[in-house]
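Structure, as structure tokens:
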Amino acid sequence: MIKINENYLKLEASYLFSNIAKKVAAFQETNPEKDIIRLGIGDVTRALPDACTHAFHTAIDEMSSDAGFRGYGPEQGYDFLRQAIAKNDFQARGADISADEIFVSDGAKCDSGNIQELFTTDAKIAIPDPVYPVYLDTNVMAGRTGNFEDGRYEGIIYLDATKENNYIPTLPDETPDLIYLCFPNNPTGATISKEGLKTWVDYAREHKALILFDAAYEAFIRDESLPKSIYEVEGAKEVAIEFRSFSKNAGFTGTRCAYTVVPRECAAFDAQGGKQLLHPLWNRRHCTKFNGVSYPVQRAAEAVYSEAGKAQTKNLVAGYLKNADHIASEMKNLGFSFEGGDNSPYIWIEANRDSWEFFDTLLTDAGVVCTPGAGFGKCGEGYIRLSAFNSYENVVEAMKRIKKALA
Ligand code: MLT
């Protein structure tokens with residue numbers, strides 16, 4: 001008799017964003033005349049930079065002749081892209097990361113879920129609350145939690161990120177083996193200083209723990225004093241893996257390209273307490289289970305680092321930050337407290353009421369989709385998240401409608 005992985009039965013019936021999409025679709029069916037503005041899921045709306053589409057076309061043309069054709073590529077990514085990433089995203093900021101420490105993939109979501117295959121099932125996990133649901137759900141699937149009781153999974157060390165701690169979790173009382181951190185944060189938009197991040201790096205080193213650092217939103221950092229990578233902090237290479245993406249800075253949500261950094265010296269421990277380097281293990285996993293990102297997509301991603309690509313991605317990000325500024329100032333005018341929006345595309349708003357109820361109000365009365373904070377965890381109850389990923393015109397219209405609906 002084939003038996004299922006019963007850990008799946010502990011999960012909520014559907015993934016947060018699928019749940020929201022279903023609700024919105026049902027609303028649209030009964031209100032076909034309503035024009036909906038989506039400020040919910042963090043999906044970009046503006047076209048790929050010209051530099052990327054040009055490189056994309058050229059690479060496809062190359063593939064159409066036998067001489068230029070490429071079959072299976074290196075699973076870890078082509079050297080041209082890994083070199084460009086190492087040079088521009090790390091070495092240019094004083095972080096000593098080399099090309100062979102970069103693993104190109106089709107998404108930070110997949111990587112942040114898949115990476116936990118390298119660790120024992122009984123690893124103790126620390127996860128922020130509120131949190132991007134993927135970190136938690138993938139650990140539930142793997143059997144690292146007990147049941148869902150009173151809004152939380154048993155066996156997880158929750159790191160509360162609340163107004164009281166400026167949405168930056170403090171070190172836990174119980175010692176974890178694996179720590180998830182994300183800055184600029186999804187969903188709160190909070191950022192962490194280099195000193196703040198160093199506290200976590202030092203803690204991981206002291207406790208032989210490992211940090212999984214999600215930096216998917218680093219492009220939105222305007223404050224030059226803030227770290228964009230955890231490797232800007234001394235000692236992080238031994239205790240941190242970092243996830244990055246081309247989705248939010250260069251519009252690759254549909255095109256798919258991301259990468260994970262596993263430094264050569266980064267280690268975990270075997271049952272005897274012996275140090276085991278993670279780079280060869282992740283390399284083994286990647287080569288066995290992943291076929292690599294397609295050649296044209298990697299050429300398009302490489303173009304992000306050309307002079308034109310840098311200017312165009314900067315412009316894309318600036319557009320979304322302008323939207324974030326508008327949302328923030330309008331919410332302020334309406335008397336709401338919020339976090340984020342300054343170095344992040346997300347604005348985390350204190351709704352002062354049930355977050356799903358507020359979601360329904362905005363959908364029904366304003367035709368605007370937000371993300372209810374409760375979907376990100378217990379500490380998200382009473383909050384909603386507005387995303388700046390839309391056109392400026394739509395954001396202006398959405399804020400007008402929200403103002404009217406709440407009047
Ligand atoms: C979100 O809305 O939180 C994002 O879409 C997350 C993601 O990129 O998967």
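Side-chain atoms are counted along with the backbone in the values below, which use heavy atoms only and exclude waters and symmetry mates. Position 1 is the first residue of the sequence; numbering continues from there. We count ligands from 1, going down the list as the structure has it; atoms in each ligand are counted the same way.
Within ligand 1, counting atoms from 1 as listed, the ones closer than 4.0 Å to a heavy atom of Gly42 are 1 (C), 2 (O), 4 (C), 5 (O). Counting atoms of ligand 1 from 1 in the listed order, those under 4.0 Å from a heavy atom of Tyr346 are 1 (C), 2 (O), 3 (O), 4 (C). Near Phe17, the atoms of ligand 1 lying under 4.0 angstrom from a non-hydrogen atom of the residue are 1 (C), 2 (O), 3 (O).
Between Trp348 and Tyr383, the two ring planes are parallel [angle under 30°; tilted spans 30° to 60°]. In this pair, His286 and Phe290 present their aromatic rings tilted. The plane angle is within the 30 to 60° band.
Taking a cutoff of 4.0 Å between a charged side-chain nitrogen and a carboxylate oxygen, Asp177 and Arg144 do not qualify as a salt bridge.
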* For side-chain hydrogen bond (donor to acceptor under 3.5 Å, both in side chains), just list the numbers for Tyr217 and Asn343, CA-CA rounded to whole Å, side-chain angles, deciding distance to a tenth of an Å, and then say yes or no. => CA-CA 9 Å; Tyr217 298 94; Asn343 294 288; over 6 Å; no
* To do: Given salt bridge (charged side-chain N to carboxylate O under 4.0 Å, His left out), test Glu302 with Arg299 step by step and report yes or no.
  => CA-CA 5 Å; Glu302 181 196 22; Arg299 279 294 186 199; 2.8 Å; yes
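Contacts between Asn186 and ligand 1 below 4.0 angstrom, taking non-hydrogen atoms only, involve the side chain exclusively.
For the ligand labelled ligand 1, residue Asp43 lies outside the 4.0 Å heavy-atom shell.
Considering both main-chain and side-chain atoms, Lys109 never comes within under 3.5 Å of ligand 1 through any nitrogen or oxygen pair.
If you check which protein heavy atom lies closest to atom 8 (O) of ligand 1, you get Lys248 NZ, 2.7 Å. Protein heavy atom at the shortest distance from atom 9 (O) of ligand 1 is Tyr132 OH, 2.6 Å.
A centroid separation of less than 6.0 Å is found between the aromatic rings of Phe80 and Tyr78.
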